[in-house]
Trainee: 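Sharing a structure, written as structure tokens. Questions coming.
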Amino acid sequence: MEPLLGWQFEDSLFAPSRERGPGGGAGPPCGAKHCEPRKALHEYSNCLLVLPPSNIAMRRDVQEGQARCLCRLGRHKEALDIAEKLRNGATNTDHLTTVLNLQFAIYQGLENVEEKITCLQQLICLHPFNPWYWKLLAEAYMSLLQSLSPLVIPETNLNQSEEVSVSDSSFKTSAGREINLQPHRSDGQKEGPWSSLATETKRENAVTCSSSQAVKEFLCTSEELERMDKGKRAASESWEQNKSKRVGIKACGSLIRARLLLQLTQLQQSSFALENNIKGQKEIDDKVARLGFNENSLLLMTKVMGQDLIPEKLKEEYQGEVKCIGPSALSSLVTASATEFEIKWFGNLQDDLCHFDRQFYSDIGLPPSVT
């Protein structure tokens, strides 16, 4: 679940402190707390040594602090090891939520988009009505979308594939193959003036025929390579377009669901919570506009992504009890794979949007997909 005072407060724990202005007046806003990761890690480690094994709650908090300090220090492998231990020892949904948030923060430091998406998908399995998780998931999909680029297929260089050089006795390809055109002659064979002339004529004919055959083979090979090259490029472009389309739909669908959830909770909020809500909705509007879907597609996404949004369910999300169950039962609460999650949340959406396929491609400036 989102930290009580928001993500910015949690990040400010590690922000450098700011001095007060000249003359003792108020300077720039101070961080919530000045924290040096190296010093904090030392303190957490000392604290863990004196905590009794029976104080599980405090030990988990201290270990989480250790992992976050290690992450800030760039020691991500050690941080992930601690997170994995905490996950294996989780006995309730709050434990698992805390661990997933921790893993997300670590993978964010590593800039590992795929793992960030996995963590957020599992968090949404636990909290399907949390708008901030959906917004973060959409942003992760958009990062993935920006990283997509056409596969690089080297162009065929006809000048380097099979160069043919013809000489009096042989011709050689750039691949190192040498074809000897010297006619075979037995040791006992005698040469005379007519024999020499005949041999020369045969040699010239052999060179001409062999050279002509080699050029034909070379041209056929070049044409075949060119056809294969074009086929690979077309397949690559089609694959990239389809993948971009799928990721774009997931990103936009997640944004729309986040906006719907924020709108539903807006009337119950005030003060800074309401300000964050309105700010989040504006950010979502800007991101949806950047994706470039047409109005029909957006209306369809709104219908599909909001079909389970009932006020009573939202109330249960924010006032629900913590489920205290074993690790194996907790694992069953989160989806086993990204594929299952995406089929559940985006499968119907993609099926419905297939009717708008051509319109989608015209919206984002891509040619229609190859089917």
Trainee: Let me see the working for Leu145 and Ser244 under side-chain contact (heavy atoms from CB on, under 4.5 Å), right down to the final yes or no.
Mentor: CA-CA 6 Å; Leu145 189 62; Ser244 296; 4.0 Å; yes
Trainee: Find the distance between CG (Leu136) and CG (Leu123) and round it off to the nearest 0.5 Å.
Mentor: 9.0 Å
Trainee: Side chains of Gln122 and Gln103: any donor to acceptor distance under 3.5 Å?
Mentor: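 Distance-only check fails for Gln103 and Gln122.
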Trainee: For the residue pair Phe104 and Cys119, what are the closest heavy atoms and their distance?
Mentor: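 Between these two residues, the closest heavy atoms are N-SG, 3.8 Å.
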Trainee: Quick one: closest heavy-atom pair of Leu291 and Gly248, and the distance?
Mentor: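 Nearest pair, atom of Leu291 first, then Gly248: CD1-O, 4.3 Å.
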Trainee: Which label fits His127 and Tyr133: parallel for a plane angle under 30°, tilted from 30 to 60°, or perpendicular past 60°?
Mentor: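 Tilted, since the angle between the ring planes falls between 30° and 60°.
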Trainee: Among all residues two or more places apart in sequence or in another chain, which pass the salt bridge (Lys or Arg N to Asp or Glu O under 4.0 Å) test with Lys282?
Mentor: Asp286
Trainee: Look only at the side chain of Arg87 and the backbone of Leu96, and say whether a donor-acceptor pair between them is shorter than 3.5 Å.
Mentor: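 No, Arg87 side chain to Leu96 backbone: no donor-acceptor pair under 3.5 Å.
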Trainee: Indicate, with yes or no, if Trp345 and Val304 share a hydrophobic cluster defined by side-chain heavy-atom contacts under 4.5 Å among Ile, Leu, Val, Met, Phe, Trp and Tyr.
Mentor: yes
Trainee: Once rounded to the nearest 0.5 Å, what's the spacing between atom CD of Gln63 and atom OG1 of Thr98?
Mentor: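 Going from the CD atom of Gln63 to the OG1 atom of Thr98 covers 12.5 Å.
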Trainee: side-chain contact (heavy atoms from CB on, under 4.5 Å) between Leu264 and Leu309: does it pass, once the steps are laid out?
Mentor: CA-CA 9 Å; Leu264 287 171; Leu309 298 184; 3.9 Å; yes
Trainee: Please report the interatomic distance OG(Ser143) to CD(Gln108), rounded to the nearest 0.5 Å.
Mentor: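 One gets 9.5 Å once the value is rounded to the nearest 0.5 Å.
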Trainee: Flag the pair Glu64 and Arg68 as a salt bridge only when some basic side-chain nitrogen lies within less than 4.0 angstrom of an acidic carboxylate oxygen.
Mentor: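 Between Arg68 and Glu64 there is a salt bridge, with a charged N closer than 4.0 Å to a carboxylate O.
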Trainee: Side-chain contact test, heavy atoms from C-beta onward, threshold under 4.5 Å: evaluate it for Tyr107 versus Leu80 and give yes or no.
Mentor: yes
Trainee: So does Thr91 get a backbone contact from the side chain of His95, meaning a donor-acceptor N/O pair under 3.5 Å?
Mentor: yes
Trainee: What is the minimum heavy-atom distance between Ser254 and Lys250, and which atoms define it?
Mentor: OG-O, 2.8 Å
Trainee: Identify the two heavy atoms, one from Thr302 and one from Leu260, that lie closest to each other, and give their separation to 0.1 Å.
Mentor: O-CD1, 3.8 Å
Trainee: Let's go through Tyr141 and Leu255 carefully: what are the C-alpha distance in whole Å and the side-chain angles of both, what is the deciding distance for side-chain contact (heavy atoms from CB on, under 4.5 Å) to 0.1 Å, and is it a yes or a no?
Mentor: CA-CA 10 Å; Tyr141 279 132; Leu255 285 170; over 6 Å; no
Trainee: Minimum heavy-atom separation for Ala251 to Ala138, with atom names?
Mentor: O-CB, 3.5 Å
Trainee: Does Met305 offer a backbone N or O that forms a donor-acceptor pair with the side chain of Arg257 under 3.5 Å?
Mentor: yes
Trainee: Would one find more than 12 heavy atoms of other residues, nucleotides or ligands at under 6.0 Å from atom CD1 of Ile56?
Mentor: no
Trainee: Indicate yes or no: at least one non-hydrogen side-chain atom of Asp308 is less than 4.5 angstrom from one of Phe129.
Mentor: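 They are in side-chain contact.
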Trainee: Does any non-hydrogen side-chain atom of Leu126 lie less than 4.5 Å from one of Leu100?
Mentor: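 Yes, their side chains come closer than 4.5 Å.
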Trainee: Please determine, by modelled atom types, if Ser297 and Asn294 share a side-chain donor-acceptor pair under 3.5 angstrom.
Mentor: yes
Trainee: If every non-hydrogen atom of His76 is compared with every non-hydrogen atom of Gly109, which pair is closest and at what distance?
Mentor: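 Nearest heavy atoms, His76 then Gly109: NE2-C, 3.8 Å.
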Trainee: Taking it one step at a time, do Ile106 and Lys77 satisfy side-chain contact (heavy atoms from CB on, under 4.5 Å)?
Mentor: CA-CA 9 Å; Ile106 297 170; Lys77 175 66 169 60; over 6 Å; no
Trainee: When you measure from the side chain of Asn55 to the backbone of Leu51, do you find a donor-acceptor pair of N or O atoms at a distance under 3.5 Å?
Mentor: no
Trainee: Rounded to the nearest 0.5 Å, what's the gap from SG on Cys71 to CG on Leu102? Could you check?
Mentor: 8.0 Å
Trainee: Would you check if Arg246 and Glu342 make a side-chain contact, meaning some heavy-atom pair closer than 4.5 Å?
Mentor: no
Trainee: Whether the side chain of Arg259 engages the backbone of Asp285 through a donor-acceptor N/O pair (distance < 3.5 Å, no angle test) should be reported.
Mentor: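 No, because the side chain of Arg259 does not come within donor-acceptor range (under 3.5 Å) of the backbone of Asp285.
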Trainee: Using a 3.5 Å distance criterion without hydrogens, assess whether the side chain of Asn88 forms a donor-acceptor pair with backbone atoms of Glu84.
Mentor: yes
Trainee: My understanding is that only one of Gln121, Glu115, Glu114 makes a side chain to side chain contact (heavy atoms under 4.5 Å, CB included) with Ile117; could you say which?
Mentor: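 Of Gln121, Glu115, Glu114, side chain to side chain contact (heavy atoms under 4.5 Å, CB included) with Ile117 is met by Gln121 alone.
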Trainee: With rounding to the nearest 0.5 Å, note down the distance linking CG in Leu349 to CG in Leu300.
Mentor: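 With rounding to 0.5 Å, CG (Leu349) is 6.5 Å from CG (Leu300).
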Trainee: Which pairs of donor and acceptor atoms, one on a side chain in residues 38-50, lie under 3.5 Å apart (sequence neighbours left out)?
Mentor:
unit_1, atom_1, unit_2, atom_2, d
His42, NE2, Asn46, ND2, 3.1
Ser45, OG, Leu41, O, 2.9
Ser45, OG, Gln66, NE2, 3.2
Asn46, ND2, His42, O, 3.4

Trainee: Out of curiosity, does Phe341 fall in the hydrophobic cluster containing Ile256 (side-chain heavy atoms, cut-off under 4.5 Å, transitive links)?
Mentor: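 The answer is yes; both residues are in one hydrophobic cluster.
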Trainee: Can a donor-acceptor pair be found, under 3.5 Å and without considering hydrogens, that links the side chain of Trp134 to the backbone of Pro128?
Mentor: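 It does hold such a pair.
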Trainee: Does Lys135 pair with Glu283 as a salt bridge, N-O distance under 4.0 Å?
Mentor: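 Yes, charged N to carboxylate O under 4.0 Å.
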Trainee: Do the side chains of Leu144 and Leu110 join up, straight or via other hydrophobic residues, at under 4.5 Å, putting them in one cluster?
Mentor: no
Trainee: Could you check whether Arg75 pairs with Asp81 (Lys NZ or Arg NE/NH1/NH2 to Asp/Glu carboxylate O, under 4.0 Å)?
Mentor: no
Trainee: So, does Asn277 use its side chain to make a donor-acceptor pair with the main chain of Leu262 at under 3.5 Å?
Mentor: yes
